[in-house]
Amino acid sequence: MGKQLTLAAAGMLLLVGVSAAAAQDVIIQPEQDVVIREYVKKKPVASLSLPGVELNIGTALPETVELYEVPDVEYRYVVVDGRTVLVDPGTRKIVKVYD
């Protein structure tokens with residue numbers, strides 16, 4: 001019984017740790033942020049409407065949404081409802097929303 005409780009407690013700690021790591025915000029360095037903002041201004045793209053998709057950090061965008069490259073930056077961008085959204089191309093999750 002004691003061993004089962006210990007294993008259950010260890011499992012819960014592992015789940016809490018994984019959840020906390022997944023919830024961490026991506027940190028965009030100030031220099032990189034300037035590059036992204038300037039590039040997006042120079043290369044505007046048409047704004048999309050994605051009904052039912054909330055523009056929150058961690059929200060995954062549908063595969064049908066085309067992501068645009070920013071040179072020398074690991075993330076991609078798209079404009080949704082007039083707001084520029086920075087996206088991790090591997091997971092398609094939003095990492096930053098610019099107003």
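Val80 and Val53 end up in the same hydrophobic cluster when Ile, Leu, Val, Met, Phe, Trp and Tyr side chains are linked at under 4.5 Å. Using a 4.5 Å cut-off between side-chain heavy atoms of Ile, Leu, Val, Met, Phe, Trp and Tyr, with links allowed through other members, Val95 and Val45 fall into the same hydrophobic cluster. Hydrophobic clustering places Val40 together with Ile28 (ILVMFWY residues linked when any side-chain heavy atoms are closer than 4.5 Å, directly or through intermediates). Leu61 and Val79 are assigned to two separate hydrophobic clusters, defined by single-linkage of ILVMFWY side chains at heavy-atom distances under 4.5 Å. Hydrophobic clustering, with ILVMFWY side chains joined whenever heavy atoms are under 4.5 angstrom apart, groups Val35 together with Val26.
Crowding of Asn56 atom CG: a count of heavy atoms from other residues, nucleotides or ligands under 6.0 Å exceeding 12. Remark: Lys96 NZ is packed, more than 12 non-hydrogen atoms of other residues, nucleotides or ligands lying under 6.0 Å away.
Heavy-atom minimum distance, Gly82 versus Ser47: N-OG, 2.8 Å. Pro89 and Arg76 get closest at one heavy-atom pair: CB-CG, 3.8 Å. The shortest heavy-atom contact between Glu54 and Ile94 is O-CD1, 4.3 Å.
Ring pair Tyr77/Tyr39 is perpendicular by interplanar angle, where above 60° counts as perpendicular and below 30° as parallel.
Two residues are said to be in side-chain contact when any heavy atoms from C-beta on lie closer than 4.5 Å; Val85 and Leu55 meet this criterion. The shortest distance between side-chain heavy atoms of Asp81 and Ser49 falls below 4.5 Å.
The main-chain N or O of Tyr98 is never found under 3.5 Å from a side-chain atom of Thr84 such that the two would form a donor-acceptor pair.
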I would like to know whether Leu48 and Val78 meet side-chain contact (heavy atoms from CB on, under 4.5 Å); could you show each step before the answer?
CA-CA 8 Å; Leu48 303 173; Val78 65; 3.7 Å; yes
For the pair Val34 and Gln32, evaluate side-chain contact (heavy atoms from CB on, under 4.5 Å) and give the outcome as yes or no after the intermediate values.
CA-CA 5 Å; Val34 169; Gln32 194 176 37; over 6 Å; no
Chi angles and distances behind the side-chain contact (heavy atoms from CB on, under 4.5 Å) call for Val73, Ile36:
CA-CA 8 Å; Val73 175; Ile36 293 165; 4.0 Å; yes
Run the side-chain contact (heavy atoms from CB on, under 4.5 Å) check on Arg92 and Val65 step by step: do they pass?
CA-CA 9 Å; Arg92 300 190 64 83; Val65 174; 3.7 Å; yes
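Taken to the nearest 0.5 Å, the CG atom of Leu67 stands 9.5 Å off from the CG atom of Asp88. Going from atom NZ of Lys93 over to atom CG of Leu86 covers 15.0 Å, rounded to the nearest 0.5 Å.
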